[in-house]
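Labels below follow one simple rule: chain letters A, B, ... track the order of the sequence lines, proteins then strands, and each chain is numbered from 1. Just the heavy atoms: all of them, side chains too, but no hydrogens, waters or symmetry mates, feed the values below.
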Amino acid sequence: MLQQTTVQTVLPYYHAFLEVFPTVEALAESPLDAVLARWSGLGYYSRARNLKRAAERVVEEHGGSIPDDRERLQRLPGIGEYTAGAILSIAFSRREPVLDGNVIRVLARLFLLAGDPRKQPLRNVLWTLAARMVPADDPGDFNQGLMELGATVCAPRSPTCGSCPLATICGAGRAGRAGEFPTPQPRPVTVPVRLAAAVISSCRGFLMVRRARAGLLADLWEFPGGEIQRRGDAQAQLARLLLDRHSLRVTVGRELARFGHSITNRRMTVIAFEARLEGARRAVPPGSSWVDPGDIGSYGVSSMALKILAGVGRQRP
DNA sequence: AACGCGTGGTG
DNA sequence: TCACCAAGCGT
């Protein structure tokens, strides 16, 4: 959960998750949809699928015990160099380093290391430094302390060097150049996108569709709709979209919710419209289903769907 | 190696 | 409002 996600965001998810899946066996035996439901809103949903698969393999291949060596750990899905180091040092008290965004920042400033820290050759230099620094006694505490320093004092912007315990030995801090490290890297341009979604309700709930098995928000449920042109009649475009993509003939009504949403390099404006099916009530198209709003979390919906639902007021139709 | 993958906080 | 960044990993 903590991969690319802050502690504050993770904490409530973590506690709820452990309530439902208290053991590796419980996680391994639970349906994937139940796992995704507890992940709903946290993002990077591949992490949930990887975690579930890793639990299955720990049960099947390791007798239910987490491996305590780097080779076997990194063979589990979702566990890379960083996570293996975190598990080994924190859980098993092994003298193994961690290198995350926080440690990268602290080390780059301590040693005035310029360049892209995520690429070679600097990446190797940082791992070597981290490995040489970690002590044999309480390596987990040391690693967590290093990460915590980066998350609090040695912050990305406006670091508080005046209250830093490493101020006297920090190259960048002593030079008053902490803001120059690590070297900022160019980012891909963000593309503005406009999305329209249809909120179609009946006595059986909301009509939702399951996204493709691969790609963006893979396998998650959403309100039917998609990208529309910035110009033009949004309602008409949405009706055409539902007909083309889902063979749904609908009348689009009033706007229910509008909000901004960002995914990777896309900056989206999402507009949700009330809509109703035209003509005789037919079977819903394949991949779609009437969803009870009370069960919405059990379908692994994304935060986009949750925001739309909030706009609807979470009321049973 | 470079890119895709979510969401929330911050200045 | 918006760019930037976060306890990275898989392909």
Side-chain angles (χ1 to χ4, degrees), chain A residues 1-14 36 39-51 53-54 73-91 96-108 116-124 126-127 130 140-152 154-160 179 181-193 195 211-220 222 259-270 300-307:
Chain A
M1 284 182 178
L2 287 165
Q3 291 166 357
Q4 292 281 276
T5 308
T6 57
V7 172
Q8 186 178 345
T9 301
V10 160
L11 219 46
Y13 283 87
Y14 172 76
L36 281 169
W39 208 276
S40 179
L42 196 50
Y44 282 140
Y45 298 94
S46 288
R47 295 181 300 178
R49 286 185 283 272
N50 287 335
L51 185 59
R53 284 204 293 132
L73 274 174
Q74 289 192 206
R75 271 188 232 125
L76 294 172
I79 298 185
E81 278 186 292
Y82 160 75
T83 307
I87 292 171
L88 288 167
S89 65
I90 298 172
E96 291 280 345
V98 295
L99 188 68
D100 71 334
N102 290 311
V103 177
I104 285 173
R105 188 166 52 255
V106 171
L107 296 186
D116 187 341
R118 316 241 170 210
K119 289 182 190 168
Q120 304 298 7
L122 186 50
R123 180 182 156 88
N124 250 339
L126 289 163
W127 270 109
D141 288 352
F142 177 86
N143 285 337
Q144 290 186 74
L146 210 51
M147 292 188 280
E148 188 70 10
L149 186 69
T152 55
C154 198
R157 274 171 291 186
S158 51
T160 54
F181 299 90
T183 312
Q185 298 303 314
R187 293 175 161 266
V189 292
T190 60
V191 181
V193 171
L195 290 183
R211 293 180 58 91
R213 300 296 288 270
L216 192 71
L217 299 170
D219 223 21
L220 301 187
E222 67 178 4
F259 52 85
H261 195 80
S262 288
I263 296 180
T264 55
N265 64 336
R266 273 157 281 213
R267 205 161 37 76
M268 301 183 291
T269 303
V270 183
V301 296
S302 74
S303 81
M304 254 190 298
L306 292 174
K307 284 181 184 174

Round to the nearest Å and state the distance from [X] atom [atom1] to [N] atom [atom2].
X       : N       : atom1 : atom2 : value
K307(A) : dT7(B)  : NZ    : P     : 8 Å
Q185(A) : dC5(C)  : CD    : P     : 10 Å
N50(A)  : dG8(C)  : CG    : C1'   : 11 Å
R118(A) : dG8(C)  : CZ    : P     : 7 Å
E148(A) : dA6(C)  : CD    : P     : 14 Å
N265(A) : dC4(C)  : CG    : P     : 13 Å
R53(A)  : dG10(C) : CZ    : P     : 9 Å
E222(A) : dG6(B)  : CD    : C1'   : 14 Å

Proximal nucleotide (of [options]) relative to the [X] side chain:
X       : options                 : value
R157(A) : dG8(B), dT10(B), dC2(C) : dT10(B)
Y45(A)  : dA2(B), dA7(C), dG6(B)  : dG6(B)
Y44(A)  : dT7(B), dA7(C), dG8(C)  : dG8(C)
S262(A) : dT7(B), dA6(C), dC9(C)  : dT7(B)
Q120(A) : dA1(B), dA6(C), dC9(C)  : dA1(B)
N102(A) : dT7(B), dA7(C), dG9(B)  : dA7(C)
T9(A)   : dA3(C), dG8(B), dT7(B)  : dG8(B)

Give me the atom names and distance for the closest heavy-atom approach of Y44(A) to Q4(A).
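Heavy atoms of Y44(A) and Q4(A) come nearest at CE1-CB, 3.8 Å.
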
Between R105(A) (side chain) and C154(A) (backbone), is there a donor-acceptor pair under 3.5 Å?
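Between the backbone of C154(A) and the side chain of R105(A) there is a qualifying donor-acceptor contact (under 3.5 Å).
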
Should the side chain of T5(A) and the base of dG6(B) be counted as holding a donor-acceptor pair, with the cut-off at 3.5 Å?
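Donor-acceptor pair under 3.5 Å: yes.
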
Is there a donor and acceptor pair closer than 3.5 Å between the side chain of R47(A) and the base of dC5(B)?
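Answer no: no donor N or O sits under 3.5 Å from an acceptor.
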
Check whether any side-chain nitrogen or oxygen of [X] sits under 4.0 Å from OP1 or OP2 of [N], and answer yes or no.
X       : N      : answer
T83(A)  : dC9(C) : yes
T6(A)   : dG9(B) : no
Q4(A)   : dG8(C) : yes
H261(A) : dT7(B) : yes
R105(A) : dA6(C) : yes
K119(A) : dA1(B) : no
R266(A) : dC5(B) : yes

After noting the C-alpha distance and the side-chain angles of E81(A) and L99(A), does the key distance pass the side-chain contact (heavy atoms from CB on, under 4.5 Å) rule?
CA-CA 8 Å; E81(A) 278 186 292; L99(A) 188 68; over 6 Å; no

Report the C-alpha separation of D100(A) and M147(A) in whole Å, then their side-chain angles, then the decisive distance to 0.1 Å, and conclude whether the side-chain contact (heavy atoms from CB on, under 4.5 Å) test is met.
CA-CA 8 Å; D100(A) 71 334; M147(A) 292 188 280; 3.5 Å; yes

Suppose you measure atom P in dC3(B) against the same atom in dA7(C); what distance do you get, rounded to whole Å?
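Result for the P pair: 24 Å, nearest Å.
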
